[in-house]
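Structure first, then comments.
If you read the sequence from its start, that first residue is 1, and numbering goes on from there. The shown structure was predicted, so the numbers you read here are calculated from the model rather than taken from an experiment. Just the heavy atoms: all of them, side chains too, but no hydrogens, waters or symmetry mates, feed the values below.
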Amino acid sequence: MIRVLIADDDPFVRAGLSDLLRTDDGLELVGEAPDGRAAVELARRTRTDVALVDIRVPVMGGIAATGALLSPTVTRTVISRFHRPDTARTRAARRAVARLTARERQVLDLVAEGLTNAEIAGLLQLRESTVKAHVSRILTELGVTNRVQAALVARDVL
């Protein structure tokens, strides 16, 4: 069992990563921290094997809190290695994504890339309110509650 700690000031990112970790029986979430100092204190109290830390967390930056940084390539490799989507859930997600319109799939792709509603609106030449409406429908259709969860579904399906 690999014991993992998450440190990020964005509660949605923490929730999304927590959801991701819960999909793998070989991973155990030992805690979440909203800043670097809290992450260090939590790591001292728990037997943490891996800490997923945003480098720009407040109070004490992620680099100072850990002293080590993985490149994006290594990070993607680690996530791909340990994230094994449930096949039944993946099939259900594929069916849900298939029900999206072409525009909604395009918006989902951009959400998965981390773009904001304003950035998506500018790129697709839409009003931000239109993008918000697309995102709301995407979340409903996929049966998720936030953008991070939608991005994880997109990663598994698209």
Side-chain angles (χ1 to χ4, degrees), residues 2-24 27-46 48-85 89 93 96-97 100 104-124 126-158:
I2 299 171
R3 298 170 52 83
V4 183
L5 176 146
I6 298 170
D8 197 296
D9 58 323
D10 186 330
F12 292 115
V13 171
R14 289 195 313 267
L17 289 171
S18 294
D19 288 347
L20 175 70
L21 293 176
R22 286 186 187 99
T23 66
D24 192 315
L27 302 175
E28 176 187 358
L29 179 63
V30 295
E32 299 178 21
D35 61 63
R37 180 166 292 134
V40 170
E41 291 169 8
L42 185 59
R44 286 183 178 145
R45 289 193 319 266
T46 62
T48 301
D49 297 313
V50 175
L52 301 175
V53 183
D54 182 357
I55 63 171
R56 293 180 295 258
V57 289
V59 182
M60 176 190 291
I63 293 174
T66 61
L69 176 67
L70 295 178
S71 73
T73 303
V74 172
T75 302
R76 279 190 297 276
T77 301
V78 169
I79 290 172
S80 294
R81 165 84 167 74
F82 290 107
H83 178 59
R84 295 178 196 98
R89 186 170 27 174
V97 169
L100 298 176
E104 288 166 343
R105 283 192 298 275
Q106 192 176 28
V107 170
L108 177 60
D109 285 340
L110 297 172
V111 165
E113 289 179 27
L115 275 67
T116 65
N117 288 346
E119 291 168 331
I120 294 169
L123 188 65
L124 299 180
L126 299 170
R127 291 186 174 181
E128 191 171 347
S129 60
T130 302
V131 173
K132 287 180 184 178
H134 284 311
V135 171
S136 291
R137 170 144 157 60
I138 290 166
L139 296 179
T140 299
E141 194 62 44
L142 298 182
V144 297
T145 58
N146 61 59
R147 297 169 73 92
V148 174
Q149 292 171 338
L152 292 172
V153 169
R155 179 190 175 279
D156 290 342
V157 174
L158 301 175

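Within a 6.0 Å sphere centred on CZ of Arg37, other residues, nucleotides and ligands contribute 12 heavy atoms or fewer.
Between His134 atom NE2 and Ile120 atom CD1 the span is 10.0 Å, to the nearest 0.5 Å. With values rounded to the nearest 0.5 angstrom, Leu5 atom CG is found 9.5 Å from Arg45 atom CZ.
When every heavy atom of Val153 is checked against every heavy atom of Ala93, the shortest pair comes out as CG1-CB, 3.7 Å. Nearest heavy-atom pair across Leu27 and Val4 is CD2-CG2, 4.2 Å. Shown here for Ala65 and Met60, the closest heavy-atom pair between the two residues is CA-SD, 3.6 Å. The two residues Ala151 and Ala112 come nearest to each other via the heavy atoms CB-CA, 3.7 Å. Closest approach of Val148 and Phe12 over heavy atoms only: CG2-O, 3.5 Å. Here the shortest heavy-atom pairing between Thr116 and Glu119 reads N-OE1, 2.8 Å.
The shortest distance between side-chain heavy atoms of Leu152 and Val144 does not fall below 4.5 Å. Using a 4.5 Å heavy-atom cutoff, the side chains of Leu100 and Leu108 are in contact. Counting only heavy atoms from C-beta outward, the side chains of Val97 and Leu142 approach each other to under 4.5 Å.
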- Task: Applying side chain to side chain contact (heavy atoms under 4.5 Å, CB included), run through Val135 and Val107 and close with a yes or a no.
- Result: CA-CA 7 Å; Val135 171; Val107 170; 3.9 Å; yes
- Message: The test is side chain to side chain contact (heavy atoms under 4.5 Å, CB included); show your working for Leu124 and Leu110 and say whether it passes.
- Response: CA-CA 10 Å; Leu124 299 180; Leu110 297 172; 3.9 Å; yes
- Might you work through the side chain to side chain contact (heavy atoms under 4.5 Å, CB included) test for Arg3 and Thr48, ending with a clear yes or no? CA-CA 5 Å; Arg3 298 170 52 83; Thr48 301; 5.5 Å; no
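Applying the salt bridge (charged side-chain N to carboxylate O under 4.0 Å, His left out) test to pairs two or more places apart or on separate chains, those with a residue in residues 4-20 are Arg14-Glu32, Asp19-Arg22.
A donor-acceptor contact shorter than 3.5 Å links the side chain of Asp35 to the backbone of Ala38.
For the pairing with Arg147, the side-chain contact (heavy atoms from CB on, under 4.5 Å) check across Val13, Ile138, Val111, Leu115 returns one residue only, Val111.
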